[in-house]
Amino acid sequence: AQTVTQSQPEMSVQEAETVTLSCTYDTSESDYYLFWYKQPPSRQMILVIRQEAYKQQNATENRFSVNFQKAAKSFSLKISDSQLGDAAMYFCAYRLKTSYDKVIFGPGTSLSVIP
Amino acid sequence: ETGVTQSPTHLIKTRGQQVTLRCSSQSGHNTVSWYQQALGQGPQFIFQYYREEENGRGNFPPRFSGLQFPNYSSELNVNALELDDSALYLCASSPGRDRGIYEQYFGPGTRLTVT
C-alpha cells in the first residue's frame, strides 16, 4: 500500500527559531517525487518544496529545506527563522513518476508559531 | 496568469441529493485532479482528467463522476449524497505530461456540508 505517515499531529515553534517536521512514506517504486505542501486557514494548498527521488542532494527553498533519506523512506522539512506566516497545516506527499498527477498525502502536521 | 478557481465556496445539501462542483484550471494546464479532504485529514485523490478523458481514479464509488471541457475547466458530480461526503473538495491543475512538469496548483476548495 502507498502511504505517508506524519507522526507529529501538532508542533509549535518560537518565532525566529528552527523547527523540523517529520515524514515517512512507503512505496516499492524507485522513481517518484516528494512534496511538502502548506495549507493555511485560507485553505489554499501551496507547494513549499519538492524533491526528485533520483537526486541525492537535498532541496532548499529560501528558509525551507529537506532531509531526504531514500533508503529510510524519510523526508523531513526544516523551517529556519520561523515567521508568523508559517503557521499552517503542512502536508507531506509523494507522486510516482508513472502515475502522473495522483498525489498521495499524509495526514498533516499543524504548525503554530509563537510570537 | 490566472490561478485555479473553484465555485461555489460553500454548499449545503441534503442526504440523497446531487451536487456539481466547478473548477477553472490555470491557463495552459490540460490536466486536472480532484481531491476530497475530510476535516482534519489529508486530501484523498478522487480522479484525474487529461485532455477531457478520465486518466486515473482513486478509491471512490461510481456516484463520484467528472467532466473536463475543451477549455480545460472541470466539474465534479456527486450523486446520492451521503453524510460522509461532507468535506472540502479541492481541484488541482497542472501542465501535465506534455511538458514533463509535475507540480500541481490547487484551488481554494469548495466546502460541502451534507445534512
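Every chain is numbered from 1 and lettered A, B, ... according to where its sequence line falls, protein lines coming before strand lines.
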Participant: Report, as yes or no, whether the 6.0 Å neighbourhood of atom NZ on A:K78 holds more than 12 heavy atoms from other residues, nucleotides or ligands.
Facilitator: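 Check fails, neighbour count at 12 or below.
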Participant: Counting neighbours of CZ on B:R63 that are heavy atoms of other residues, nucleotides or ligands and sit closer than 6.0 Å, is the number greater than 12?
Facilitator: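 Above 12, so yes.
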Participant: Should A:I104 and A:F68 be counted in the same cluster of Ile, Leu, Val, Met, Phe, Trp and Tyr side chains packed under 4.5 Å apart?
Facilitator: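 Yes.
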Participant: Please examine the side chains of A:F91 and B:P43, heavy atoms only from C-beta on, and report whether any two atoms are closer than 4.5 Å.
Facilitator: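 Counting from C-beta outward, B:P43 and A:F91 do come under 4.5 Å.
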Participant: Does a side-chain heavy-atom distance below 4.5 Å link B:V4 with A:Q44?
Facilitator: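 Contact flag for B:V4/A:Q44 side chains = no.
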Participant: Atom CD in B:Q104, atom NZ in A:K102: separation rounded to 0.5 Å?
Facilitator: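 If I round to the nearest 0.5 Å, the distance is 12.0 Å.
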Participant: Taking the ring of B:F45 and the ring of A:F105, is the distance between their centroids below 6.0 Å?
Facilitator: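 Ring-ring flag for A:F105/B:F45: false, centres at least 6.0 Å apart.
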Participant: Determine the minimum heavy-atom distance between B:L90 and A:R43, stating which atoms define it.
Facilitator: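 Looking at all heavy atoms of both residues, the shortest contact is CD2-O, 4.4 Å.
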Participant: Please determine whether the number of non-hydrogen atoms from other residues, nucleotides or ligands lying under 6.0 Å from atom CG of A:L84 exceeds 12.
Facilitator: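 Count over threshold, so yes.
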Participant: Which one, B:Q41, B:Q44, B:Q37, B:R111, leads in non-hydrogen pairs under 4.5 Å with chain A?
Facilitator: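 Of the candidates given, the most pairs with chain A belong to B:Q37.
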Participant: Taking CG in B:N71 as the centre, count heavy atoms belonging to other residues, nucleotides or ligands within less than 6.0 Å. Is the count above 12?
Facilitator: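 Buried by this count: over 12 neighbours within 6.0 Å.
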Participant: How many angstroms lie between CD1 in A:I46 and CZ in B:F106, if you round to the nearest 0.5 Å?
Facilitator: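 One finds 11.5 Å between CD1 of A:I46 and CZ of B:F106.
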Participant: Any link between B:Y49 and B:Y72 through a network of hydrophobic side chains (Ile, Leu, Val, Met, Phe, Trp, Tyr) touching at under 4.5 Å?
Facilitator: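 No, B:Y49 and B:Y72 fall in different hydrophobic clusters.
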Participant: Answer with yes or no whether the hydrophobic clustering places B:L39 together with B:L88; edges join I, L, V, M, F, W, Y residues whose side-chain heavy atoms lie under 4.5 Å apart.
Facilitator: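 No: no chain of side-chain contacts under 4.5 Å links B:L39 to B:L88.
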Participant: State yes or no: do A:V113 and A:I49 share one hydrophobic cluster built from I, L, V, M, F, W and Y residues joined by side-chain heavy-atom distances below 4.5 Å, directly or via other members?
Facilitator: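 Yes.
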Participant: For A:Q6, which atoms come within 4.5 Å of any heavy atom of chain B: side chain, backbone, both, or neither?
Facilitator: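 Neither part; nothing is under 4.5 Å.
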Participant: Where on B:I46 is there a heavy atom nearer than 4.5 Å to chain A: the side chain, the backbone, both, or neither?
Facilitator: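 Neither; nothing under 4.5 Å.
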Participant: Would you check if the side chain of B:Y35 reaches a backbone N or O of A:V103 as a donor-acceptor pair within less than 3.5 Å?
Facilitator: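 Yes, the answer is positive, given that a donor and an acceptor are paired below the 3.5 Å cut-off.
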Participant: Measure the CZ-OG distance between A:R95 and B:S33 for me, rounded to the nearest 0.5 Å.
Facilitator: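 Taking CZ in A:R95 and OG in B:S33, the distance rounds to 9.5 Å.
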